[in-house]
Amino acid sequence: MKWEKWFLAGIGWTLGGPIGAILGYFVGKGIFNSSRQIGDNAGAKGPQRQWHYSDTGTPQDLTVSLIVLIAAVMKSDGEVRKSELNLVKRFLIMNYDEKRANDLLHMLRDVISQDFDLRMVCRQIMQNTSYDTRYQMLDFLFGIAEADSLFTTAEERTLRLIANNLGINSQDFMSIYTRRVESNRGGHNGYSSDYGSATSKGGLSMNPYKVLGLDGSATDDEVKRAYRRLVMKYHPDKLEGLGEEIKRNAEKQFRKINEAYETIKKERNIK
């Protein structure tokens, strides 16, 4: 059976790049049926697709690629923690039927033990997905990294590599990083504060400009544009049917973005 797994992986690489190779390996292993999409979730508790490939990819490809990125973040600091695994389990159970969720967990455990070219996987994802899809994927991966309340240098390095190869711009990375990491560090993340910092409801400070992906030299119009752009990424209408884990995070990020904008508006007297 072992030769069959890697034979199918070779076909996958030819037909579908690194993600196709990974998928081919697991088809050969018997975890997936090549004729059935992972997205076909009869009886699933949640929605059957969280993110969407363009016409050049499939829901199955995207699910596999997400599992690979999750594995990369989980093992980046040399230890797979229970809190991280529990978050991923909740996400899968909410969005897939029981069998598919179990299949994907088995796949995750196997992928964690494998070496793969993360840059090539990211570049294939970038070629087949919208920017907003990749942005939401990165935001979800930050959630995994902070699940244990310990954000390590190794995790940051891996997330930066993923972001760079997914084509996420530096402003959006800064915004996610500030909301996800700086808020849990009381604002001490190495970024300088040009105009002071906003105070979250939890009592921790964040630089409001960094929350919007800006610096203190941004014009009022740039502040308004950044705010509108970020609000749209977490707007409930855009996240309809994405599962409770994603929606809860969106509500939390939405509040932080609004807090930061209100702080800047008061400082600058923006109407």
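Basis for what follows: all heavy atoms, side chains included, without hydrogens, waters or symmetry-related copies.
- Not one N or O on the side chain of Lys265 forms a donor-acceptor pair closer than 3.5 Å with the backbone of Ile270.
- Side-chain polar atoms of Asn249 and Tyr234 form no donor-acceptor pair below 3.5 angstrom.
- By the ring-ring contact (aromatic ring centres under 6.0 Å, His included) test, Phe254 pairs with no residue at all, sequence neighbours left out.
- No close placement of the Tyr209 and Tyr261 rings is indicated, their centers lying 6.0 Å or farther apart.
- The minimum heavy-atom distance between Lys210 and Glu182, with the atom names listed, is CB-OE1, 4.5 Å.
- In this structure, Leu92 and Val88 have side chains that are in contact, with non-hydrogen atoms separated by less than 4.5 Å.
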### Query
Step by step, would you call Lys256 with Glu259 a salt bridge (charged side-chain N to carboxylate O under 4.0 Å, His left out)?
CA-CA 5 Å; Lys256 290 181 179 181; Glu259 250 181 68; over 6 Å; no

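- In this structure, CD1 on Ile264 lies 7.0 Å from CG on Leu214, to the nearest 0.5 angstrom.
- When all heavy atoms of Ser175 and Gly213 are compared, the closest pair comes out as CB-N, 3.9 Å.
- Of all heavy-atom pairs spanning Ala226 and Leu212, the tightest one is CB-O, 3.6 Å.
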### Worked check of salt bridge (charged side-chain N to carboxylate O under 4.0 Å, His left out) between Asp103 and Arg100
CA-CA 5 Å; Asp103 285 346; Arg100 277 289 179 257; 3.2 Å; yes

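- Residues Leu108 and Met74 approach most closely at CD2-SD, 3.9 Å, considering heavy atoms.
- Using modelled atom types, one finds no donor on one side chain facing an acceptor on the other under 3.5 Å when comparing Asp132 with Ser130.
- Separating the CE atom in Met137 from the CG atom in Leu69 is a distance of 5.0 Å, to the nearest 0.5 Å.
- Judged purely by atom type and a 3.5 angstrom limit, Thr129 uses its side chain to pair as donor or acceptor with the backbone of Ile125.
- A cation-pi arrangement is not found for Arg179 relative to Phe142, the charged atom failing to lie both closer than 6.0 Å to the ring centre and inside a 45° cone about the ring normal.
- Of the options Glu155, Glu156, Glu146, a salt bridge (Lys or Arg N to Asp or Glu O under 4.0 Å) to Arg180 is made by Glu146 and by none of the others.
- In the hydrophobic cluster analysis, where Ile, Leu, Val, Met, Phe, Trp and Tyr join through side-chain heavy atoms closer than 4.5 angstrom, Leu138 is grouped apart from Met126.
- A distance of 10.0 Å separates OG1 in Thr153 from CG in Asp77, rounded to the nearest 0.5 Å.
- Using a 4.5 Å cut-off on side-chain heavy atoms (C-beta onward), Leu87 and Phe140 make contact.
- Across all non-hydrogen atoms, the minimal contact from Ala154 to Ser76 is CB-O, 3.4 Å.
- For the pair Glu222/Arg225, a side-chain contact is recorded, criterion being any heavy-atom separation below 4.5 Å from C-beta on.
- A 6.0 Å sphere centred on CZ of Arg81 holds more than 12 heavy atoms belonging to other residues, nucleotides or ligands.
- Side-chain contact between Arg157 and Thr152: absent, with no pair of heavy atoms (C-beta onward) separated by less than 4.5 Å.
- Judged purely by atom type and a 3.5 angstrom limit, Asn102 uses its side chain to pair as donor or acceptor with the backbone of Glu98.
- Rounding to the nearest 0.5 Å gives a distance of 4.5 Å between CZ of Arg119 and CG of Leu161.
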### Query
Between Lys233 and Asp139, does a salt bridge (charged side-chain N to carboxylate O under 4.0 Å, His left out) hold up when you go through it step by step?
CA-CA 11 Å; Lys233 291 184 184 298; Asp139 187 275; over 6 Å; no

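- Distance check: Ile93 CD1 to Leu104 CG gives 11.5 Å after rounding to the nearest 0.5 Å.
- Residue Asn165 holds its CG atom at 4.5 Å from CZ of Arg123, rounded to the nearest 0.5 Å.
- Leu159 places none of its side-chain heavy atoms less than 4.5 Å from the side chain of Ile176.
- Taking all atoms of both residues into account, the shortest heavy-atom contact from Leu166 to Cys122 is CD2-O, 3.5 Å.
- Between Val111 and Met107 there is a side-chain heavy-atom pair separated by less than 4.5 Å.
- One side chain, Asp110 or Gln114, offers a donor N or O that lies under 3.5 Å from an acceptor on the other.
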### Test side chain to side chain contact (heavy atoms under 4.5 Å, CB included) applied to Asp172 and Arg229, step by step
CA-CA 10 Å; Asp172 281 340; Arg229 183 174 58 83; 2.6 Å; yes

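- Two residues are said to be in side-chain contact when any heavy atoms from C-beta on lie closer than 4.5 Å; Phe173 and Tyr135 fail this criterion.
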